[in-house]
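Please read the structure below before turning to the comments.
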Amino acid sequence: MPPYAFFHKQFMPLSEAKIGILTHAFHYGTACFEGIRGNWDSERENFCLFRVDDHYKRMLNNGCRILKINLPYSINKLCQLTVELIERSGFREDVYIRPLAYKSSETIGVRLHNLEDDFLIIVTPLPPYLGTKGIRCCTSSWRRVDDTMIPARGKICGTYVNSALAKTEAWENGFDEAILLTLDGHLSEGSGENVFLVINGKLVTPPSSDNILLGITRDTVIKLAKNELDIDTVERQVDRSELYLAEECFFTGTAAHIVPIVEVDHRPVGNGETGKITAELQKLFKEVILGRNPKYLDWCTFLAKS
Ligand SMILES: Cc1ncc(COP(=O)(O)O)c(C=O)c1O
């Protein structure tokens, strides 16, 4: 089966879904997107879509509002389209679903008003984005875009130039990922992940006011830590040097899942190995995103078996 896309209000083979070179979003980054996981359970031979409605809520309520994009779809309809796309595509491995709402007019002129909007979804196989082992990070020389520049609350395409600059700088310097600071030097987030520290046995993570995307995995981890491990999370401003002193450190994100950070700026985090709390959270998270933990089935959408 060829992979399919939802494009121009219909399903079609991905190879036929093309945009014109004058498309506004292509020139000016005037689009917002989501990243949703379809987790393949090889034992049950089924997909579990994780918190798909929360992803569409974030897209419609944050990105589309900021960019003045109006879509003719309810959250329910968007979820249905996503399920149908995966069913048509016939993958049997972990997938990443990329819905994208964009300014589709084929015209020159930077603005948000008097432009047409459109929407597409693609799906592609994707293993854990940063691998499954502990990673080495650096603090970036690039600062995270401020809410007064491009709000991080929506996954706005143009913002990802900031992420790309930081990611490539990190990679060229031999690191796996970058951690960006705010303009005033506090921890913000990774190029595509939220960051957590373990300090005195509690989770600590930057607040929304430090220009982070309010991650759905971040929210999941905060809830799992509290409900399952009785560990509180403190959302507060975090200094760079706290990264060097934390007992454990990890990233969270839909593409990356939970990934341990074992080294920052050439300093080992804790003993330089995956921490105990990080490992416990990884284990819990894996069960939850496959829909194997009955307490969290509200977060899961299973595909009908063919
Ligand atoms: C900049 C940024 N921060 C954080 C995240 C993690 O968010 P989520 O857990 O909702 O995928 C992402 C990924 O979507 C991201 O692009």
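Numbering of ligands and ligand atoms starts at 1, following listing order. Note that the coordinates shown come from a computational prediction; the quantities given were computed from them, not determined experimentally.
- When the shell of 6.0 Å around CD1 of Ile21 is examined, it contains 12 or fewer heavy atoms from other residues, nucleotides or ligands.
- Side-chain contact annotation: Arg143 with Thr182, donor-acceptor N/O pair under 3.5 Å absent.
- In the model, Ser140 has a side-chain atom that pairs as donor or acceptor with a side-chain atom of Glu169 under 3.5 Å.
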Any protein N or O within less than 3.5 Å of an N or O in ligand 1? List each pair with its distance, or say none.
{"from": "ligand 1", "atom 1": "3 (N)", "to": "Glu189", "atom 2": "OE1", "distance (Å)": "2.7"}
{"from": "ligand 1", "atom 1": "9 (O)", "to": "Ile216", "atom 2": "N", "distance (Å)": "3.3"}
{"from": "ligand 1", "atom 1": "9 (O)", "to": "Thr217", "atom 2": "N", "distance (Å)": "2.9"}
{"from": "ligand 1", "atom 1": "9 (O)", "to": "Thr217", "atom 2": "OG1", "distance (Å)": "2.6"}
{"from": "ligand 1", "atom 1": "10 (O)", "to": "Arg58", "atom 2": "NH1", "distance (Å)": "2.8"}
{"from": "ligand 1", "atom 1": "10 (O)", "to": "Arg58", "atom 2": "NH2", "distance (Å)": "3.0"}
{"from": "ligand 1", "atom 1": "10 (O)", "to": "Ile216", "atom 2": "N", "distance (Å)": "2.7"}
{"from": "ligand 1", "atom 1": "11 (O)", "to": "Thr254", "atom 2": "N", "distance (Å)": "2.9"}
{"from": "ligand 1", "atom 1": "11 (O)", "to": "Thr254", "atom 2": "OG1", "distance (Å)": "2.6"}
{"from": "ligand 1", "atom 1": "14 (O)", "to": "Lys155", "atom 2": "NZ", "distance (Å)": "2.6"}
{"from": "ligand 1", "atom 1": "16 (O)", "to": "Lys155", "atom 2": "NZ", "distance (Å)": "3.0"}
{"from": "ligand 1", "atom 1": "16 (O)", "to": "Tyr160", "atom 2": "OH", "distance (Å)": "2.5"}

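- For His24 and Thr30, the side-chain atoms include at least one donor-acceptor pair closer than 3.5 Å.
- A donor and an acceptor atom, one from each side chain of Asp94 and Asn39, are nowhere located under 3.5 Å apart.
- Between the side chains of Tyr296 and Lys223, no donor N or O sits under 3.5 Å from an acceptor N or O.
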